[in-house]
Amino acid sequence: MDQGAAMPDVVVTAQDGSPLRLRNLPTPAVIYFYPKDDTSGCTREAQDFTALAADFAAAGATVLGLSKDSPASHAKFVAKHDLGVTLASDESGAAAEAFGVWGEKQLYGRTYMGLERATFLFGASGTLVRAWRKVRVAGHAQAVLDAARDRPA
């Protein structure tokens with residue numbers, strides 16, 4: 001997905017089980033993809049976005065985390081870690097495909113298909129302002145917040 005691209009018109013499942021059309025998200029919007037609920041890096045990332053939730057709101061930015069985990073898994077994850085970010089389920093992989101974050105990964109010499117940790121910032125017009133690929137968690141949420149504060153329309 002290139003800078004200036006429109007928000008993909010994909011439907012995911014909200015935590016409560018209802019359909020959520022990404023293109024209908026209030027903008028500006030931050031959409032972050034993460035591999036799996038309740039794993040160390042994904043938990044840290046969700047906690048970092050939660051810690052900055054009020055700052056994102058003050059910047060006018062909606063934050064949505066997406067993974068292939070089920071809505072029930074998200075609900076447990078949110079409750080266990082008292083998360084303040086909205087999570088949605090992309091069980092079909094349609095959003096991951098649209099954003100180009102589903103692909104080959106390697107871990108301990110094993111190759112498998114998986115979700116790339118990536119974040120996308122959409123401006124008020126609903127077009128992509130900035131993308132972070134192959135994200136390292138430490139300091140990432142703050143970097144996204146800084147970009148959300150400085151974003152063009």
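Basis for what follows: all heavy atoms, side chains included, without hydrogens, waters or symmetry-related copies.
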Has the side chain of R23 got a donor or acceptor atom that lies under 3.5 Å from a matching backbone atom of M7? yes

When you measure from the side chain of T62 to the backbone N and O of P26, does any donor-acceptor pair fall under 3.5 Å? yes

Is it true that F49 and F56 have ring centroids separated by less than 6.0 Å? yes

Linked, directly or transitively: L145 and W132 (ILVMFWY side chains, under 4.5 Å): yes

Over all atoms of both residues, closest heavy-atom pair of K68 and S92: NZ-C, 4.0 Å

D37 side chain to H74 main-chain N or O, any donor-acceptor pair under 3.5 Å? yes

Which heavy-atom pair separates L66 from S89 by the least distance, and what is that distance? CD2-N, 4.4 Å

Angle class for the F122/F99 ring planes (parallel below 30°, perpendicular above 60°, tilted otherwise)? perpendicular

Under 4.5 Å between side-chain heavy atoms, hopping through other hydrophobics if needed: is there a path connecting V10 to L128? yes

Residues D90 and A94: closest non-hydrogen pair is OD1-N, 3.2 Å

Between I31 and L25, does a side chain to side chain contact (heavy atoms under 4.5 Å, CB included) hold up when you go through it step by step? CA-CA 10 Å; I31 297 177; L25 281 176; 3.9 Å; yes

Closer than 3.5 angstrom, by distance alone: can the side chain of T50 be matched with the main-chain N or O of G84 as a donor-acceptor pair? yes

So do the side chains of D55 and R149 get within less than 4.5 Å of each other, counting heavy atoms only? yes

Are L115 and V11 connected into the same hydrophobic cluster when the rule is that any two of I, L, V, M, F, W, Y join if their side-chain heavy atoms are below 4.5 Å apart? no

Kindly give the heavy-atom pair with the smallest separation between T27 and G123, and that separation in Å. CB-O, 3.3 Å

Tell me every residue that passes salt bridge (Lys or Arg N to Asp or Glu O under 4.0 Å) with R136, counting only those two or more places apart in sequence or in another chain. none

For V78 against V85, the heavy-atom pair lying closest together: CG2-O, 4.5 Å

CG/D2: more than 12 non-hydrogen atoms of other groups inside 6.0 Å: no

What pair of heavy atoms forms the shortest contact from A118 to V135, and how long is it? CA-CG2, 3.9 Å

M113 side chain reached by E104 side chain, heavy atoms, under 4.5 Å: yes

Apply side chain to side chain contact (heavy atoms under 4.5 Å, CB included) to residues K134 and V101 and explain how you reach the verdict. CA-CA 9 Å; K134 299 187 187 322; V101 296; over 6 Å; no

Residue pair D9 / R21, side-chain heavy-atom distance below 4.5 Å: yes

Going hydrophobic residue to hydrophobic residue with side-chain gaps under 4.5 angstrom, can you get from L64 over to M1? yes

Sorted by chain and number, sequence neighbours left out, side-chain hydrogen bond (donor to acceptor under 3.5 Å, both in side chains) with R133 holds for E116

If you measure from the Lys or Arg side-chain nitrogens to the Asp or Glu carboxylate oxygens, is any gap between K80 and D38 under 4.0 Å? yes

Just to verify, what does D69 make a side-chain hydrogen bond (donor to acceptor under 3.5 Å, both in side chains) with, not counting sequence neighbours? K36, S67

Apply side chain to side chain contact (heavy atoms under 4.5 Å, CB included) to the pair F120 and F33, showing each step before the final yes or no. CA-CA 9 Å; F120 300 87; F33 287 86; 3.8 Å; yes

Using a 3.5 Å distance criterion without hydrogens, assess whether the side chain of S18 forms a donor-acceptor pair with backbone atoms of A14. no

When you look at R117 and E45, which way does the side chain to side chain contact (heavy atoms under 4.5 Å, CB included) test go after all the steps? CA-CA 10 Å; R117 187 181 310 278; E45 186 174 27; 2.7 Å; yes

Tell me, do V12 and E91 make a side-chain contact under 4.5 Å, heavy atoms counted? no

Would you confirm whether Q15, through its side chain, and L87, through its main-chain N or O, come within 3.5 Å as a donor-acceptor pair? yes

Parallel, tilted or perpendicular, as decided by the 30° and 60° cut-offs, for the rings of Y34 and F77: tilted

